[in-house]
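Start at 1 with the first residue, then count along the sequence. Just so you know, these numbers use all the heavy atoms, side chains as well, and skip hydrogens, waters and symmetry mates. Computed from a predicted model, the values in this text were never measured in an experiment.
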Amino acid sequence: MRSRTIKEGLERVPHRALLYATGIAKSEMKKPFIGVATSYTDIIPGHIGMRDLERFIEKGIHTAGGYPFFFGIPGICDGIAMGHSGMHYSLPSRELIADMVETITQAHQLDGLVLLTNCDKITPGMLMAAARIDIPSIVVTAGPMLSGQLRGRRLSLVNDTFEAIGKYKKGLIGHDELEALEICACPGAGSCQGMYTANTMACVTEALGMSLAGCATSLAVSADKRRIAFESGRRIVELIRKNITSRKIMTRKAFENAIMVDLALGGSTNTVLHIPAIAYDAGVELPLEIFDVLSKKTPHLANMLPGGEHYLEDLNWAGGIPALMKRLRKGLHNNITVSGRTIFKIADSAEVINENVIRPLDKAYHKEGGIAILRGNLAPDGAVVKQSAVSKNVMKFEGAARVFNSEEECMKAILSGKIMKGDVVVIRYEGPKGGPGMREMLSSTAAITGMGLSESVALITDGRFSGGTRGPCVGHISPEAMEGGTIAILKNGDKIRINIPNRKIDVLLSDKEIKERFKTWKPQKQKITKGYLSRYARMVSSAGTGAVMK
């Protein structure tokens, strides 16, 4: 055990004295020391129920013969941070989380980790740390929120609050309904109800093999989630005894399984940032193209919010990720998982309860997976679109550019009615370096949708999108504006052509014209010049490589 470094031998008398000061009994000193990294906070709905789950993890660890030590990890609620300067910190917090888990674990030479997480950047950050440290680790995602209810209608955060802003502005709903929606949309603990980033990453984690079967979709308020927390605590001790470390599970084939499940779900485009970042820390090469290669042979089987109609609770009652993997079994790799069962054993023991929620292969919602990678003179290093949330009518789109140098500028134009049918909204200088922090554009995309323009207006950005975005919205344009990407020299009125089936995104300018414009181009001054974000902007890589800090 690694923990012998801090608790055995004559020279460790002071170390043992400090450990005894915590209240640990002498009889427990020979047991595995297990860190429980908990991102509990009372400002994030997805995390407010974690105190309860901590108890059950602790019970499981003690039952199996380990000794737990809890330590806190910070979290940001992307919904609360959305649409203002706070969103600059969201993606960069992923790197802080990974660094903090690594730091605490290595400083105290812990034998294993239980990672209690739920929301957007916290789950990938913890997985990055597990991959980097490479000790036995298991992830417990705290579970999705129940749907909201208003007069017999089910509600979700994105569709019924963010998009409601545009509806209210256009006069489609009144003040009383708007107020009722904000009270009822989020009824309690859990991650937001659709296949947004938090729930997508939970599903990815389970498919990767890093959490127990059923963990991703079991509801935050359920007894089932408590049992999973208990079993995860018990299981980490067994992983330590067998020396099954994170990298033995997070292999190239495991990442391919996770991507295929993501594509079949029509998950958030943020996974195109997070999965490569986790793979980077695991020492696994995972080029951007793998998403497109797998998308072309992985059908879209679950029509989840925001682009579809089903909630996470529907997916849970339909059989969850094991049932989805049963559908995909022929294309998956038979990897090991933290449960001790292989992917095939989990899939074979699953049952599809609702064939409309998890469709058969021959009745897929779309023949291809949820994500497509586009390239062209606007994005030679790649761009990302959630094609499963794009209407057939706008899979090919050509329009005139309306260029903005920040999300705030764009949002003012949308709400003041200055965006018209046929426009291609361009939001630049919002990439990893230019933002800095690559903010999500959910406020803008949701306002466009709420105003009834989602099938007549496209949006492209070197920033990124929430998992709640739908419509012809292309993000992660690489290179970004701050790095001298073509998006930097676009002007109002330039014709932009998007062809999702052909994986193309171009501005209809000649190479000569593009070169001429760059002769007079200068990047904007960095928006934030002090503190963590200034360091992040100097060190972060492009979106096309996962926006990792090097």
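No donor-acceptor pair closer than 3.5 Å links the side chain of Glu179 to the backbone N or O of His175. With Gln106 contributing its side chain and Ile133 its backbone, the two residues share no donor-acceptor pair below 3.5 Å. With hydrogens and angles ignored, the 3.5 Å screen pairs a side-chain donor or acceptor of Asn492 with a backbone N or O of Val403. A donor-acceptor pair under 3.5 Å is formed between the side chain of Lys170 and the backbone N or O of Met451. For the pair Thr271 (side chain) and His274 (backbone), a donor-acceptor distance under 3.5 Å is absent. Not a single donor-acceptor pair under 3.5 Å links the side chain of Glu480 to the backbone N or O of Met438. The backbone N or O of Ile48 sits nowhere less than 3.5 Å from a side-chain atom of Asp42 that would complete a donor-acceptor pair. Not one N or O on the side chain of Gln387 forms a donor-acceptor pair closer than 3.5 Å with the backbone of Ile500. No donor-acceptor distance shorter than 3.5 angstrom exists from the side chain of Ser541 to the backbone of Met549, with no hydrogens or angles considered. Counting only distance, with no hydrogens or angles, the side chain of Asp494 and the backbone of Lys491 share a donor-acceptor pair below 3.5 Å.
Each of Lys495, Lys504, Arg497 was checked for a salt bridge (charged side-chain N to carboxylate O under 4.0 Å, His left out) with Glu398, and the lone residue meeting it is Arg497.
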The test is side-chain contact (heavy atoms from CB on, under 4.5 Å); show your working for Val390 and Val385 and say whether it passes. CA-CA 9 Å; Val390 180; Val385 63; 4.1 Å; yes
Between Val101 and Leu113, does a side-chain contact (heavy atoms from CB on, under 4.5 Å) hold up when you go through it step by step? CA-CA 9 Å; Val101 174; Leu113 285 170; 4.0 Å; yes
Lys433 vs Glu483, side-chain contact (heavy atoms from CB on, under 4.5 Å): CA-CA, chis, key distance, verdict: CA-CA 8 Å; Lys433 290 182 180 294; Glu483 292 184 313; 3.4 Å; yes
Working for salt bridge (Lys or Arg N to Asp or Glu O under 4.0 Å), residues Glu408 and Arg439: CA-CA 11 Å; Glu408 286 84 355; Arg439 292 193 293 175; 2.8 Å; yes
Stepwise, does the salt bridge (Lys or Arg N to Asp or Glu O under 4.0 Å) test hold for Glu163 with Arg470? CA-CA 11 Å; Glu163 292 179 8; Arg470 52 180 169 150; 2.6 Å; yes
Dump the intermediate steps for salt bridge (Lys or Arg N to Asp or Glu O under 4.0 Å) on Glu256 and Lys253, then the final yes or no. CA-CA 5 Å; Glu256 290 182 4; Lys253 289 181 178 179; over 6 Å; no
Start with the C-alpha gap between Val139 and Met126, add the side-chain angles, then the distance that decides, and say whether side-chain contact (heavy atoms from CB on, under 4.5 Å) holds. CA-CA 8 Å; Val139 178; Met126 288 192 176; 5.8 Å; no
List the steps, then state whether salt bridge (Lys or Arg N to Asp or Glu O under 4.0 Å) holds for Asp120 with Arg94. CA-CA 9 Å; Asp120 298 38; Arg94 185 188 72 180; over 6 Å; no
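The CE atom of Met250 sits 9.0 Å away from atom CG of Asp281, with the distance rounded to the nearest 0.5 Å. A distance of 8.5 Å separates CE of Met201 from CG of Asp262, quoted to the nearest 0.5 Å. Rounding to the nearest 0.5 angstrom, the gap separating the CD1 atom in Ile183 from the CG atom in Leu178 is 11.0 Å. Taken to the nearest 0.5 Å, the CZ atom of Arg428 stands 10.0 Å off from the CD1 atom of Ile460. Between the CG atom in Asn393 and the OG atom in Ser456 there is a gap of 11.0 Å [rounded to 0.5 Å]. In this structure, the separation between CG on Leu442 and OG1 on Thr449 is 9.0 Å, given to the nearest 0.5 Å.
Across Asn118 and Ala142, no two heavy atoms sit closer than the pair OD1-N, 3.2 Å. Closest of all the heavy-atom pairs between Ile44 and Cys119 is CG2-SG, 3.7 Å.
For the residue pair Glu440/Asn270, the side-chain donor-acceptor check at 3.5 Å is satisfied. Of the N and O atoms on the side chains of Thr486 and Asn377, not one donor lies less than 3.5 Å from an acceptor on the other residue. Between the side chains of Ser156 and Tyr196, at least one donor N or O lies within less than 3.5 Å of an accepting N or O. Side-chain contact annotation: Thr41 with His47, donor-acceptor N/O pair under 3.5 Å absent. Side chains of Thr205 and Ser211: no donor on one and acceptor on the other come within 3.5 Å. Between Ser246 and Asp134, the side chains place no donor N or O within less than 3.5 Å of an acceptor N or O (distance only, hydrogens not considered). When only modelled atom types and interatomic distance are considered, Asp78 and Ser90 share a side-chain donor-acceptor pair under 3.5 Å. Using modelled atom types, one finds no donor on one side chain facing an acceptor on the other under 3.5 Å when comparing Thr200 with Ser268.
Between Arg517 and Glu513 there is a salt bridge, since a side-chain N of the basic residue sits under 4.0 Å from a carboxylate O of the acidic one.
Under the rule for a salt bridge (Lys or Arg N to Asp or Glu O under 4.0 Å), Lys530 has no partner lying at least two apart in sequence or in another chain. By the salt bridge (Lys or Arg N to Asp or Glu O under 4.0 Å) test, Asp292 pairs with Lys296, Arg503, sequence neighbours left out.
Side-chain contact between Asn159 and Leu305 is present, with at least one heavy-atom pair separated by less than 4.5 Å. Annotation: side chain of Val425 is not in contact with side chain of Ser444 (no heavy-atom distance under 4.5 Å). With a 4.5 Å cut-off on side-chain heavy atoms, Cys203 and Met195 count as touching. For the pair Leu127/Met210, a side-chain contact is recorded, criterion being any heavy-atom separation below 4.5 Å from C-beta on. Side-chain contact between Arg375 and Leu288 is present, with at least one heavy-atom pair separated by less than 4.5 Å. When side chains are defined from C-beta on, Gln526 counts as touching Pro436, because their heavy atoms get closer than 4.5 Å. The side-chain heavy atoms of Pro306 and Gln193, taken from C-beta on, include no pair separated by under 4.5 Å. By the 4.5 Å heavy-atom criterion applied to side chains, Leu378 and Val474 are not counted as neighbours.
More than 12 non-hydrogen atoms from other residues, nucleotides or ligands lie less than 6.0 angstrom from CD of Glu309. The environment of Tyr89 atom OH is sparse: at most 12 non-hydrogen atoms of other residues, nucleotides or ligands sit within 6.0 angstrom.
Pairs passing the ring-ring contact (aromatic ring centres under 6.0 Å, His included) check and including a residue from residues 505-544, sequence neighbours excluded, read Phe518-Trp521.
Note on ring orientation: taking the six-membered ring where Trp is involved, the planes of His366 and His300 are parallel (angle under 30°, cut-offs 30° and 60°).
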